[in-house]
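Below you'll find the structure, written out as structure tokens, and then a few comments.
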Amino acid sequence: MRTVAVVGASLAGLSAARSLRRRGYDGRLVVVGDEPHRPYDRPPLSKEFLAGTLGEADLALERDDEELHAEWLLGTRATGLDRTVRAVRLADGREVRADGVVIATGAAARTLPGAEGLAGVHTLRTLDDARALREDLARGGRLVVIGGGFVGAEVASTAYALGLDVTVIEAAPTPLAGPLGEAMGAVVSALHADHGVRLLCGVGVKGLSGERQVEAVLLEDGRSVPADTVVVGVGARPCVEWLEGSGVVLDNGVKCGADGRTSVAGVVAVGDCANWYDPHTGGHRRIEHWTGALERPDTAVATLLAHGAREPGAPRPPYFWSDQYGVKIQFVGHAAGADSVTVEEGSTDDRSFLAVYRRAGRPVAVLGMNQPRLFTRARKQFGTAAS
């Protein structure tokens, strides 16, 4: 291959670029990014950066002595992929022709209809999002977080520590029931109540009130929750619109094999936009976690450089972590389909425990709260059993 284009300049794209060089690729390497920033770390955006304890320079993912010998085309987004000549079209009119393409365009935060142009309403996905939200939180007042997922919970935790009055609204009866199951989702989300943060569950949001500045969140049951700042944390959508008509099969992102290969030869996908096949579950799933964006690109790059002539191995079980109210939450595996969950160590009342999810007696996931040492050991055992 003479030229490889990596479309996406966040962690997954950077990891792919690093893997290309590490695996001996010495050709032209072009990295395209729609943001003007060099690759930066996203997890701290909802925590240390938002709290003001971490600066922008601390978010940099590239090492000071790192040189990938890449062409960085930043601040321009991809608008199309021509599979006949394998060319990536850019919004500024340029075109990058490549022998191999790594799709790493990530995902974008879902927004709340009707919130456009209303000051004080935020999503949190990018550095620019975090800058704007940090400025509003510095003014204090009342924060309403719409969505009780991990990002919403982390923002609520950070805002609570900053002294704001915080309310979290979750449409589902139990927050985090999707990734953790109902029982453990209830335990983890109880951290809000432990710290005096209001949690309203089982009610949807009808809209927002306010003329130029948000004043309240209107609920479907008729209630109104006053707000000076609102954060919408209702999930993300894969950024794959630019691939429509390219021949790359799309299904909740880019549909991939267990090694990242797509339906088009010479094109692989990684990161939040990639819907990889998981032989452990027998289905496809997008893994929107930091560890997946760090690890999986190496597998996809190996496939790309081998022109698809390699046997795909099973991806490592997905792993993620979250820090809320001073509590470290760690999870590995898939909670969906588990028929039991058992606390093996510690106590849920103390918010310090290790729980194992099982299906037909076989472990399928592990959850830890404030048990990093035990969790690390359990994760290693779990990974060995799952491989």
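Along the sequence shown, residues are numbered consecutively beginning with 1. Please read all numbers here as calculations on a predicted model, not as lab measurements.
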field: Taking every non-hydrogen atom, the tightest pair across Ala300 and Val268
entry: O-CG1, 3.8 Å
query: Between Ser352 and Asn370, does any side-chain donor sit less than 3.5 Å from a side-chain acceptor?
result: no
- request: Starting from the C-alpha separation in whole Å, work towards a yes-or-no answer on side-chain contact (heavy atoms from CB on, under 4.5 Å) for Val145 and Leu143.
  value: CA-CA 6 Å; Val145 179; Leu143 170 69; 3.9 Å; yes
query: Going only through I, L, V, M, F, W and Y residues with side-chain contacts under 4.5 Å, is there a path from Leu90 to Val102?
result: no
Residues, nucleotides or ligands: over 12 heavy atoms within 6.0 Å of Glu211 CD: no
- request: Indicate if Val240 and Ile287 have the same hydrophobic cluster label, given that clusters are the connected sets of ILVMFWY residues with side-chain heavy-atom separations under 4.5 angstrom.
  value: no
Cationic N near anionic O, under 4.0 Å, Asp165 to Arg142: no
- prompt: Side-chain donor-acceptor pair under 3.5 Å between Asp41 and Trp290, yes or no?
  reply: yes
field: Lys NZ or Arg CZ of Arg38 over Trp72 ring: under 6.0 Å, within 45°
entry: yes
message: Taking atom CG as the centre, does Asp92 end up with more than 12 heavy-atom neighbours from other residues, nucleotides or ligands that are less than 6.0 angstrom away?
response: yes
message: Can you list everything that forms a side chain to side chain donor-acceptor pair (under 3.5 Å) with Asn275? Sequence neighbours excluded, please.
response: none
- request: Looking only at non-hydrogen atoms, find the nearest pair between Pro179 and Ala335 and report the distance.
  value: O-CB, 3.3 Å
message: Does atom CD (Glu56) have a neighbourhood of more than 12 heavy atoms from anything else shown, all under 6.0 Å?
response: yes
- request: Please examine the side chains of Leu14 and Leu68, heavy atoms only from C-beta on, and report whether any two atoms are closer than 4.5 Å.
  value: yes
query: Has the side chain of Thr53 got a donor or acceptor atom that lies under 3.5 Å from a matching backbone atom of Glu48?
result: yes
task: Please answer whether the main-chain N or O of Asp272 pairs with a side-chain N or O of Arg286 as donor and acceptor at a distance below 3.5 Å.
output: yes
message: Ignoring hydrogens, what is the shortest heavy-atom contact between Leu199 and Ser189? Give both atom names and the distance.
response: CD2-O, 3.9 Å
query: Would a 4.5 Å heavy-atom cut-off, applied to side chains only, mark Val217 and Val230 as touching?
result: yes
- request: Sorted by first residue and then second, give each ring pair (Phe, Tyr, Trp, His ring centres under 6.0 Å) pair with at least one member in residues 240-269; sequence neighbours left out.
  value: none
query: Between Arg63 and Glu67, is there a salt bridge with N-O shorter than 4.0 Å?
result: no
- prompt: Can you check whether Gly148's main-chain N or O pairs, donor with acceptor, with Glu170's side chain at less than 3.5 Å?
  reply: yes
field: Donor-acceptor contact present, side-chain Lys380 to main-chain Thr376, <3.5 Å
entry: no
query: Are Val343 and Leu354 close enough that some pair of their side-chain heavy atoms sits under 4.5 Å apart?
result: no
task: For the pair Glu344 and Arg358, evaluate salt bridge (charged side-chain N to carboxylate O under 4.0 Å, His left out) and give the outcome as yes or no after the intermediate values.
output: CA-CA 12 Å; Glu344 309 277 311; Arg358 292 181 173 86; 3.2 Å; yes
- prompt: When you measure from the side chain of Asp339 to the backbone N and O of Ala360, does any donor-acceptor pair fall under 3.5 Å?
  reply: yes
query: Side chains of Tyr325 and His192: donor-acceptor distance under 3.5 Å anywhere?
result: yes
- prompt: Does the distance from a Lys or Arg side-chain N to an Asp or Glu carboxylate O, for Arg131 and Asp136, drop under 4.0 Å?
  reply: no
query: So which heavy atom on Met184 is nearest to which on Phe353, and how close?
result: SD-CE1, 3.7 Å
Check: Val155 main-chain N/O paired with Ser46 side-chain donor or acceptor under 3.5 Å: no
query: Is there a donor-acceptor pair under 3.5 Å between the side chain of Ser15 and the backbone N or O of Pro297?
result: no
query: Step by step, would you call Thr76 with Arg94 a side-chain hydrogen bond (donor to acceptor under 3.5 Å, both in side chains)?
result: CA-CA 10 Å; Thr76 184; Arg94 285 180 289 180; 4.9 Å; no
query: Thinking salt bridges, do Asp278 and Arg285 make one under a 4.0 Å N-O criterion?
result: no
query: Is a side-chain donor or acceptor of Thr262 paired with a backbone partner of Val248 at a separation under 3.5 angstrom?
result: no
message: Run Asp128 and His37 through side-chain hydrogen bond (donor to acceptor under 3.5 Å, both in side chains) and show every step you take.
response: CA-CA 10 Å; Asp128 292 336; His37 314 293; 3.2 Å; yes
query: In terms of hydrophobic clusters joined by side-chain contacts under 4.5 Å, are Val168 and Val188 together?
result: yes
query: When you measure from the side chain of Arg125 to the backbone N and O of Ala109, does any donor-acceptor pair fall under 3.5 Å?
result: no
query: Do Glu35 and Thr126 get their side chains close enough for a donor-acceptor pair, meaning under 3.5 Å?
result: no
field: Derivation of the ring-ring contact (aromatic ring centres under 6.0 Å, His included) call for Tyr357 and Phe382
entry: CA-CA 11 Å; Tyr357 297 70; Phe382 179 79; 9.9 Å; no
message: Could you report the tightest heavy-atom contact between Ala70 and Val31, atom names first, then the distance?
response: CB-CG2, 4.1 Å
message: Looking at Arg23 and Asp298, is there a salt bridge between them, counting it only when a charged N and a carboxylate O are closer than 4.0 Å?
response: yes
field: Phe375 vs Phe331, ring-ring contact (aromatic ring centres under 6.0 Å, His included): CA-CA, chis, key distance, verdict
entry: CA-CA 8 Å; Phe375 179 86; Phe331 186 88; 8.1 Å; no
- prompt: Got a salt bridge between Glu95 and Arg89, using NZ or NE/NH1/NH2 to carboxylate O under 4.0 Å?
  reply: no
- prompt: Counting distance only, does the side-chain N/O of Ser263 pair as donor-acceptor with the main-chain N or O of Val249 below 3.5 Å?
  reply: yes
message: Could you check whether Asp221 pairs with Lys206 (Lys NZ or Arg NE/NH1/NH2 to Asp/Glu carboxylate O, under 4.0 Å)?
response: no
